[in-house]
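Comments concern the structure below.
In this text, all values refer to a predicted model and were calculated from it rather than measured experimentally. All ligand and atom numbering here is 1-based and tracks the order in the structure. Note that these values count all heavy atoms, side chains included, but never hydrogens, waters or copies made by symmetry.
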Amino acid sequence: MKLFTSVYDVTDINALAAEALQLKQNPYSHQHLGKNKTLGLVFLNPSLRTRMSTQKAALNLGMNVMVLNMDKEGWALELQDGVVMNGSTVEHIREAAAVLGQYVDIIGVRSFPGLKNRDEDYNEEIFNKFVKYCGVPVVSLESATRHPLQSLADLVTITELKIKPRPKVVLTWAPHIKPLPQAVPNSFAEWMCKADVDFTIAHPKGYELSTDFTNGATITHNQDEALADADFIYVKNWSAFEPYGKILPGNEDWMLTNEKLKVTNDAKVMHCLPVRRNLELSDEILDGASSIVVHEAGNRVWAAQAVLKQMLESL
Ligand code: CP
């Protein structure tokens, strides 16, 4: 594997999830693969889980890891070609990415959307330029439109904990006070549409995701109807795709509660984290028996390790 930016970079998602679960059983079995190899992690935005789990995965594989918080510690990046750089930008992405590629064998990049210009965000300008100019394999640590390491960890978690061959999985929108990217729900939808699950998306009117990511999903505005007989519930806020990046008024009653869980098949509740308590998800759910959010975050290590292992094997 030379690139991990979406579900389309994976030949067999079930095999990759199975490999992650094998690595969970035997984390240090492939330390020889990473000997004298270096992973560079470039963050243009904050992170707890992605940063730590991907480092841990690389260490388990015997790799060295270097982290650059580019937004705080790097030079201000210029993205446009042919410009006179007489403003605030100091270094062009052409040189920055190419130089990073001289120091490491694999690069991970995190670059969130601006949520101002939909075309710019959905063209993945920063991310694609890193891929174009760095000259080494690239793994997405979350881009403007997708979070594939999270989605793989989510598939690993569902595969690990399901008690029937084809569980019902529901992605349900949750309230938030800030406009959040569509990357996690886009990506989760894209992966679930290819997984062995019955997949439903529930959201208030106006929060439709791009159909590029939801082909094959059942989509409803009725949360109670969606939750009926659910085996897994994935809770996530996202801002509107149209009008882009906006929060629409109302919908506070979409927060999941134990009362709403009564119609489910004893559903397990997932969230990518970080989560705002009693806004996106209630204390009673997060502290109760149905929540698997910490277990899910733990599986981020094995998802990242499976991807890095396949990249190391292709070097
Ligand atoms: N879920 C997730 O990606 O968490 P971080 O933003 O903390 O990495």
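- Follow the hydrophobic side-chain contacts under 4.5 Å out from Ile158 and you never reach Leu273; the two are in separate clusters.
- Nearest residue to atom 2 (C) of ligand 1 from Glu142, Arg300, Arg51 is Arg300 (criterion: closest heavy atom).
- Interface of Leu48 with ligand 1, defined as ligand atoms under 4.0 Å from a residue heavy atom, comprises 5 (P), 7 (O), 8 (O).
- With respect to the salt-bridge test (charged N to carboxylate O, under 4.0 angstrom), the residues Lys309 and Glu313 qualify.
- Taking only nitrogen or oxygen atoms, main chain and side chain alike, Pro274 does not reach within less than 3.5 Å of ligand 1.
- Contacts with ligand 1 closer than 4.0 Å are made by no heavy atom of Val184, backbone or side chain.
- Shortest contact from atom 3 (O) of ligand 1 to any protein heavy atom: His147 NE2, 2.7 Å.
- For Asn251 and Tyr207, the side-chain atoms include no donor-acceptor pair closer than 3.5 Å.
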- Query: Taking it one step at a time, do Lys268 and Lys162 satisfy side chain to side chain contact (heavy atoms under 4.5 Å, CB included)?
  - Reply: CA-CA 9 Å; Lys268 296 173 174 58; Lys162 69 182 181 183; over 6 Å; no
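- Below 3.5 Å of separation, one finds an N or O of Cys272 facing an N or O of ligand 1.
- For the residue pair Thr157 and Glu296, the shortest heavy atom distance occurs at OG1-CA, 3.7 Å.
- Counting protein heavy atoms only, atom 4 (O) of ligand 1 is closest to Arg49 NE, 2.9 Å.
- Contacts of Arg110 with ligand 1, taken as heavy-atom pairs under 4.0 Å, involve the side chain alone.
- Gln150 and Asp154 are linked by a side-chain donor-acceptor pair at a separation below 3.5 angstrom, with hydrogens and angles left out of the test.
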